[in-house]
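As the structure lists them, so they are numbered: ligands from 1, and atoms in each ligand from 1.
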Amino acid sequence: MNSDPRQDLIHAATQFYQLGWMVGTAGNLSAKLPDGSFWITASGKSKGQLTENDFVRVSPDGEVLESPHPQNRPSAETSIHQTLYSLFPDANACYHVHSIEANLVSRFTEKDNLPLPPLEMLKGLGVWTENPEVVMPVFKNYLEVPRIAAEIGDRFKLSPPDVPALLIVYHGVTVWADSPEKAKNYLEIAEYIFRYIVASHQLSL
Ligand SMILES: CSCCC(=O)C(=O)COP(=O)(O)O
Ligand SMILES: [Zn+2]
């Protein structure tokens, strides 16, 4: 992993913007440094046009350590990144986007999880069982983001998720991984699975 991962985050955001997953200011990306602090997109930045100045480096407890612009504020959803880094010490990157498909599938269940089809692609999310029966956790979307983060922490402490990804209803998907490259792969695979679920729904399969 780079000692300064901001270029990785910029490249990922550019790709996700082009895919329509980070339109306008939607979504936030972060990557951890060896000292435990992490660079995260500053709040309200256009995700298709990020530069190295559009980030904030924060400590594991959310204190701002470095800010290229005095006006930069950490992403409004920093508490979710903090929670995931604290729950999963091996995680070094955390990516959150707002695709149409993530929003659609978040409504396809009335429970607090989404059953995933037993696709070969699940191997790309670390699921290697035959005919896997796994679910993606789904959380309510509260205006107070720390409340979402607290529910994530409470639930995952009791029962770790089957896959390194979660959905927030009517909001988007978040993945975490041990490197920015893996987080990008996880997100692409999660989004592929969402497209499959939406297509199956349309075809009544
Ligand atoms: C139009 S996006 C609304 C806020 C949000 O959900 C998001 O992902 C971006 O917030 P940030 O503070 O990270 O810019
Ligand atoms: Zn969001």
Side-chain angles (χ1 to χ4, degrees), residues 5-6 8-32 37-87 91 93-107 112 114 136-153 155-156 161 164-177 180 183-184 186-188 190-191 194:
R6 282 177 288 176
D8 291 328
L9 299 178
I10 292 170
H11 285 137
T14 304
Q15 178 189 333
F16 301 153
Y17 172 80
Q18 286 165 353
L19 288 164
W21 302 349
M22 292 191 102
V23 298
T25 58
N28 30 78
L29 308 180
S30 73
K32 221 164 80 180
S37 68
F38 57 92
W39 282 105
I40 187 162
T41 42
S43 188
K45 300 291 180 182
S46 296
K47 302 307 187 307
Q49 301 167 8
L50 292 177
T51 72
E52 288 200 353
N53 294 330
D54 295 324
F55 290 81
V56 179
R57 188 165 69 85
V58 298
S59 70
D61 55 13
E63 185 196 347
V64 176
L65 301 174
E66 210 174 326
S67 180
H69 273 309
Q71 313 92 296
N72 284 3
R73 297 285 169 267
S75 162
E77 295 171 351
T78 300
S79 54
I80 294 177
H81 295 246
Q82 283 173 252
T83 298
L84 291 168
Y85 287 133
S86 132
L87 286 164
C94 181
Y95 287 3
H96 163 69
V97 301
H98 293 195
S99 68
I100 300 270
E101 288 82 1
N103 278 306
L104 285 171
V105 301
S106 76
R107 301 173 46 220
D112 62 3
L114 175 75
M136 188 175 293
V138 179
F139 291 88
K140 288 197 186 122
N141 190 33
Y142 300 114
L143 189 58
E144 300 83 23
V145 178
R147 191 171 167 197
I148 309 174
E151 290 201 353
I152 293 169
R155 197 185 318 170
F156 285 178
L166 64 86
L167 280 162
I168 306 173
V169 179
Y170 278 126
H171 183 159
V173 60
T174 302
V175 302
W176 57 95
K184 189 169 86 68
Y186 285 177
L187 194 58
E188 290 176 5
E191 290 288 349
F194 299 155

With a cut-off of 4.0 Å, which atoms of ligand 1 are near a heavy atom of [X]?
| X | result |
| --- | --- |
| Ser75 | 11 (P), 12 (O), 13 (O) |
| His96 | 8 (O) |
| Ala76 | 11 (P), 12 (O), 13 (O) |
| Gly27 | 7 (C), 8 (O), 9 (C), 13 (O) |

Atom [atom1] of [X] and atom [atom2] of [Y]: how far apart are they, to the nearest 0.5 Å?
| X | Y | atom1 | atom2 | value |
| --- | --- | --- | --- | --- |
| Glu191 | Leu19 | CD | CG | 8.5 Å |
| Ile152 | Ser79 | CD1 | OG | 8.0 Å |
| Ile10 | Gln49 | CD1 | CD | 12.0 Å |

Identify the closest protein heavy atom to [atom]: which residue and atom is it, and at what distance?
| atom | value |
| --- | --- |
| atom 10 (O) of ligand 1 | Asn28 ND2, 3.8 Å |
| atom 3 (C) of ligand 1 | His98 CE1, 4.2 Å |
| atom 12 (O) of ligand 1 | Ser43 OG, 2.6 Å |
| atom 14 (O) of ligand 1 | Gly44 N, 2.8 Å |

May I ask you to check whether [X] and [Y] show a side-chain donor-acceptor distance below 3.5 Å?
| X | Y | value |
| --- | --- | --- |
| Glu151 | Tyr142 | yes |
| His98 | Asn103 | no |
| His171 | His96 | yes |
| Ser43 | Arg73 | no |

For the 3.5 Å polar cut-off, considering only N or O atoms, please tell me whether Ala26 and ligand 1 meet it.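 No.
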Judging by distance only, is a nitrogen or oxygen of Ala42 under 3.5 angstrom from one on ligand 1?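 No; the residue has no nitrogen or oxygen that sits under 3.5 Å from a nitrogen or oxygen of the ligand.
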Using heavy atoms and a threshold below 4.0 Å, how should the contact between Lys47 and ligand 1 be classified: side chain, backbone, both, or neither?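 Near ligand 1, Lys47 shows its side chain, while the N, CA, C and O stay back.
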The Zn ion (ligand 2) is nearest to which N, O or S atom of Glu77?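 The Glu77 atom nearest to the Zn ion (ligand 2), restricting to N, O or S, is OE1.
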Measure the distances from the heavy atoms of Thr25 to every atom of ligand 1 and state whether one is below 4.0 angstrom.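 It does, in that a heavy atom of Thr25 comes within the 4.0 Å cut-off of ligand 1.
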Can you find a non-hydrogen atom of Gly24 under 4.0 Å from ligand 1?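 Heavy atoms of Gly24 never come under 4.0 Å of ligand 1.
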Among Tyr95, Tyr85, Trp176, find the one that has a side-chain hydrogen bond (donor to acceptor under 3.5 Å, both in side chains) with Ser30.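 The single option meeting the side-chain hydrogen bond (donor to acceptor under 3.5 Å, both in side chains) with Ser30 is Tyr85.
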Option set His171, Lys45, Glu77, Arg73, criterion heavy-atom distance to atom 4 (C) of ligand 1, minimum: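 When every heavy atom of His171, Lys45, Glu77, Arg73 is considered, Glu77 comes closest to atom 4 (C) of ligand 1.
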Give, rounded to 10 degrees, the angle between NE2 (His98) and NE2 (His96) as seen from the Zn ion (ligand 2).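 Roughly 90°, rounded to 10°.
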If you define the side chain from C-beta out and look only at heavy atoms, does anything of Arg6 sit under 4.5 Å from Leu50?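 A side-chain contact under 4.5 Å is absent here.
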Determine whether the aromatic ring centres of Phe38 and Phe55 lie less than 6.0 Å apart.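 No; Phe55 has its ring centre 6.0 Å or more from that of Phe38.
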